[in-house]
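Lettering follows sequence order; numbering is per chain, from 1. These numbers come from the heavy atoms of this one structure, side chains and all, not from hydrogens, waters or symmetry mates.
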Amino acid sequence: MDKLLKDLNESQKEAVLATEGPVMAIAGAGSGKTRVLTRRMAHLIFNLGVPAHRILAITFTNKAANEMKTRVAKLLGISTSQMWVSTFHSMCARILREHIDLLGYDRRFQIIDDDDVTQMVKVILKQLNIDPKMVKPKMLKTHVLNVKADPSLIDDYDEPLRGYLNHVFPAYQKQLKNSNLVDFEDLLVLTIELLKKYPEIKKQYHGLFQYVMVDEFQDTNNVQYDLIRLLVNEQNNVFIVGDEDQSIYAFRGANIDNIRKFERNFPKVKRILLEQNYRSTNTILKASNDVIRGNRNRIEKNLFSTQGEGEPVTFFKGYTYRDETEYVAEMIRELVFRHNYQYEEIAVLYRANATSRAFEDTFMQKHIPYQVVGNTSFFKRKEIKDIVAYLRLILNPNDSYSLTRIVNEPRRGIGAKTIERLSIFADKEQDSLFEAISLPNSPLGKAPLSKLKTFRDLILSLKEKLDVMEFNDFIDELLVRTGYREMLRYDDMGDVRYENIMELKTMIQETKKSIEDADKIDVLTYVLEEIALKSAEDEKKETNVVTLMTLHAAKGLEFKAVFIVACEQGMFPLYRSMESPKDLEEERRLMYVGMTRAMERLYLTNCRQRQLYGETQMHQDSMFLSEININHLKLEGLNKAVSREHTPSKKRRLLTPKSTLETVDNDLSKGDRINHTAFGRGVVISVSGDQCVIAFAKEHGIKTLLKNHKAIKKV
DNA sequence: AGGCAAGGGGTTTTT
DNA sequence: CCCCTTGCCT
């Protein structure tokens, strides 16, 4: 017992031992949250004798789930395979595999990702004769999924979007069901439907889950919240960990108010604050606190560190982006060669993916090994999605979506028109595309029909092969028989693509090993589910290289040295978030998350002049920089030059441009509509430096004005 | 059906 | 500026 507790502080112990009733742990950055979760689980199992499979622990990513499993396994030396430690989505998939037939789906349903949803929405728009220029499929997809999560939202939409949703959503849902597919939202929504409709099933899970734990609670959305409430039994043994200051996923529905909602719904909740930080130096922590303090709507925390004061936070300002990238490269070399850092202990973080490019160029030139995390996920690659589509169609010929994807990949002379005609025919006959191929009275011409029949025979014969072949051989057979292998030979990227498919093969083989199931179809179903729910984070990581990634991707990680780059108004915070206070607060939390990733050294960099969309723009310092107390900062680059020439009071002004109140931050760019107190409405023609050219109505004409004059206001 | 040129648009993103 | 999509032409 002591072993599980001895290296914990008082609050951590309290969180581990408070097993009964609702508990909420507010866990500041670096406060040992994962440690608490794993110890708590070990305590339940080892000291209280709770069977491991009767604890439900929900995380946000597979990575977090795996980490928790590994750590519990290591603490207790037990197998974790039966444990319910998983993401919301895999938990739901596991429940639905048991019971989804009650909702009219087949238990061998397949899971599609957001790109697939977009594709389907696009096709439906076409079928409904809606001009895709009117609504972008990608944007409509977001709304379709929102409405699925909360049908009452449809009333909030205005025409024409509302009309589109009213047509597209039911058609989309019908197609999914016909193809026996579910999207990520369905996983949650259908599980809720199941638990609500079938009290005996709810009872079954209430009996099973004696203890429920939820990690990263600040990032739950409303559907996930409802799901947790449904799964917690009358004992109310629910433990949530979160930190509202680290909530950075509001843009996809995360609702910070769920923390407060939790307190209302579980009035007897015990609240524990984890305030001791084990990660960062005090200086880094103080600077981070300076920034997050700017947010109004939060519970004040008092994070403290035992890691000593450490180095000041460096703020480097360059003239051009080249200065900035070279400075970062230089500092990395210094850290590695002078301070004995490993490359893998260093991260470069940015707000938008596009920023990585300039750094990649410089790092390449300067021979700094690096990796860019999370651009195109392995599973989103075309060749992987194609092979998955083949496998899905073989498993379920009624999966018309998968059929559409690969019927002409490689080219079989089956064009869009043929598929369109087949689609209409299938619709009329109330059958899937696959079955419609062999129906009598086909309206299709002889030639296209015979091509389709050849394709149908190919799929059927592969299905037979699946039963008698090993998976490895089967994939090879599939590649050859479908002509995919041959197609890759004429592809510039063919070698890489083939390698990726071989990688997929290995993964199938490994997943297969981890389950013992006699039925091949069940095995393949499971393997495909794993693939659907997995993501980039599970890809093999390179060793000892500098990591470049977005601030979002950095969540939950830590590095000895962190560079947050492009700290400029417009870049970070982003232009678009500066208009709404709510969005701006989320940007600030993002800055906070980024800063608190650093253990020893934190560098904030930017440049005055940045090339953006082919134009040179003059940028101001990010407002977040001016929020940091100057005592925690060491100024470098342009800052330093200025500070040497001027008096200390001037130096302060550099960091707090707001003190000169005659100007405002008008983040104008070409095309923006503005309002001028004297000249009225106008449109920005160009921006250069602190000047801009604006076209006003006839009586005023075109004028060149100071960009940041307070008379100008963006509308 | 397929290849090339012009055009639009360019947060963040796990599952 | 650069990438991806679209549309037109062959």
Side-chain angles (χ1 to χ4, degrees), chain A residues 58-65 86-93 111-118 122 131-133 136-139 141-142 145 149 182-189 191 215-216 219-221 223-224 247-254 321 349-358 373-377 379-380 408-419 448 451 490 529-538 549-556 566 570-578 583 586-587 589-591 593-594 610-617 669-671:
Chain A
I58 300 172
T59 61
F60 259 81
T61 61
N62 288 307
K63 196 167 130 200
S86 65
T87 61
F88 272 103
H89 297 267
S90 26
M91 170 193 77
C92 290
I111 302 160
I112 60 168
D113 68 21
D114 276 19
D115 290 343
D116 296 325
V117 179
T118 310
K122 206 164 160 184
D131 185 355
K133 270 182 207 137
K136 284 199 247 139
K138 209 170 167 185
M139 169 243 210
K141 171 214 80 182
T142 311
L145 293 178
V182 302
D183 59 34
F184 286 124
E185 208 60 48
D186 277 325
L187 287 171
L188 304 170
V189 170
T191 305
D215 190 14
E216 306 275 15
D219 284 324
T220 52
N221 62 29
V223 178
Q224 290 163 336
S247 166
I248 54 175
Y249 284 107
F251 71 91
R252 61 172 210 231
Y321 74 93
L349 309 181
Y350 35 80
R351 176 65 239 258
N353 275 316
T355 313
S356 74
R357 208 191 186 85
V373 168
N375 265 352
T376 19
S377 160
F379 301 102
K380 286 194 169 167
N408 201 30
E409 196 72 42
R411 306 250 129 84
R412 299 187 175 93
I414 303 170
K417 243 205 182 104
T418 305
I419 289 303
K451 284 174 192 162
Y490 298 100
E529 174 185 314
E530 286 281 292
I531 289 169
L533 294 176
K534 242 181 212 174
S535 71
E537 65 193 322
D538 303 297
M549 62 184 155
T550 63
L551 288 146
H552 281 93
K555 191 165 128 167
M571 301 293 290
F572 186 32
L574 284 169
Y575 288 117
R576 293 152 89 157
S577 49
M578 296 194 312
D583 289 351
E586 178 140 324
E587 295 282 304
R589 288 193 291 272
L590 199 49
M591 180 70 174
V593 167
R610 186 172 293 276
Q611 301 291 122
L612 208 61
Y613 307 147
E615 271 174 294
T616 306
Q617 295 192 357
S669 44
K670 200 169 136 187

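- Listed pair A:Arg357 / C:dC3 meets the phosphate criterion, a side-chain N or O lying under 4.0 Å from OP1 or OP2.
- Note: CE (A:Met571) to C1' (B:dG10) measures 11 Å, nearest angstrom.
- The backbone N or O of A:Asn221 sits less than 3.5 Å from a side-chain atom of A:Gln224, completing a donor-acceptor pair.
- Taking CE from A:Met91 and OG1 from A:Thr59, the interatomic distance works out to 10.5 Å, rounded to the nearest 0.5 Å.
- You'll find that the side chain of A:Arg411 is closest to B:dA1, out of B:dT15, B:dA1, B:dT11.
- Rounding to the nearest 0.5 Å gives a distance of 9.0 Å between CD of A:Glu587 and CE of A:Met578.
- Side-chain N/O atoms of A:Thr550 include one lying less than 4.0 angstrom from OP1 or OP2 on B:dT13.
- For B:dT11, the glycosidic angle deviates from 0 by 90° or less, giving a syn base.
- For A:Arg351 and B:dT12, the shortest distance from a side-chain N or O to OP1 or OP2 is not below 4.0 Å.
- C:dC4 and B:dT11 have their P atoms separated by 15 Å, with the value rounded to a whole Å.
- Position along DNA chain B of the nearest nucleotide to A:Glu586 versus A:Thr418 favours A:Thr418 as the more 5'-ward residue.
- Side chain of A:Thr61, nearest nucleotide from B:dT12, B:dG2, B:dT14: B:dT14.
- Stacking is not found between A:Tyr613 and the pyrimidine-like six-membered ring of the C:dC1 base under the 5.5 Å centre-distance and 30° plane-angle cut-offs.
- Distance, A:Lys63 NZ to B:dT14 P: 11 Å, rounded to whole Å.
- Side-chain nitrogen and oxygen atoms of A:Lys136 include at least one within less than 4.0 Å of the OP1 or OP2 phosphate oxygen of B:dG10.
- A salt bridge is absent between A:Asp113 and A:Lys380; no separation between the charged side-chain nitrogens and carboxylate oxygens falls under 4.0 Å.
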* Residues A:Phe60, A:Lys555; criterion side-chain contact (heavy atoms from CB on, under 4.5 Å); working and verdict -> CA-CA 11 Å; A:Phe60 259 81; A:Lys555 191 165 128 167; over 6 Å; no
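- Contact check, A:Asn353 against B:dT13: a side-chain N or O comes under 4.0 Å of OP1 or OP2.
- Looking at heavy atoms from C-beta onward, A:Arg589 lies in side-chain contact with A:Ser247 at the 4.5 angstrom threshold.
- You'll find that the side chain of A:Arg576 is closest to B:dG10, out of B:dG10, B:dT12, B:dT15.
- Looking at heavy-atom distances under 4.0 Å, A:Leu349 makes no contact with the nucleic acid at all.
- Regarding A:Asp219, its CG atom lies at a distance of 12 Å from the P atom of B:dT15, rounded to whole Å.
- The nearest heavy atom of DNA chain B to A:Gly413 and to A:His89 marks one nucleotide each, and the one closer to the 5' end goes with A:Gly413.
- Atom CG of A:Asp183 and atom P of B:dT14 are 17 Å apart (whole Å).
- The separation between A:Asp114 atom CG and B:dT12 atom P is 15 Å, rounded to whole Å.
- Remark: the separation of the C1' atoms in B:dT14 and C:dC3 is 24 Å, to the nearest Å.
- One cannot find a donor-acceptor pair under 3.5 Å joining the base of B:dT12 and the side-chain atoms of A:Arg252.
- When rounded to the nearest whole Å, the span between CD1 of A:Ile248 and C1' of B:dT14 equals 11 Å.
- Here B:dT13 presents its P atom at 10 Å from NZ of A:Lys380, a figure rounded to the nearest Å.
- For the pair A:Leu574 CG and B:dT13 P, the computed distance is 11 Å after rounding to whole Å.
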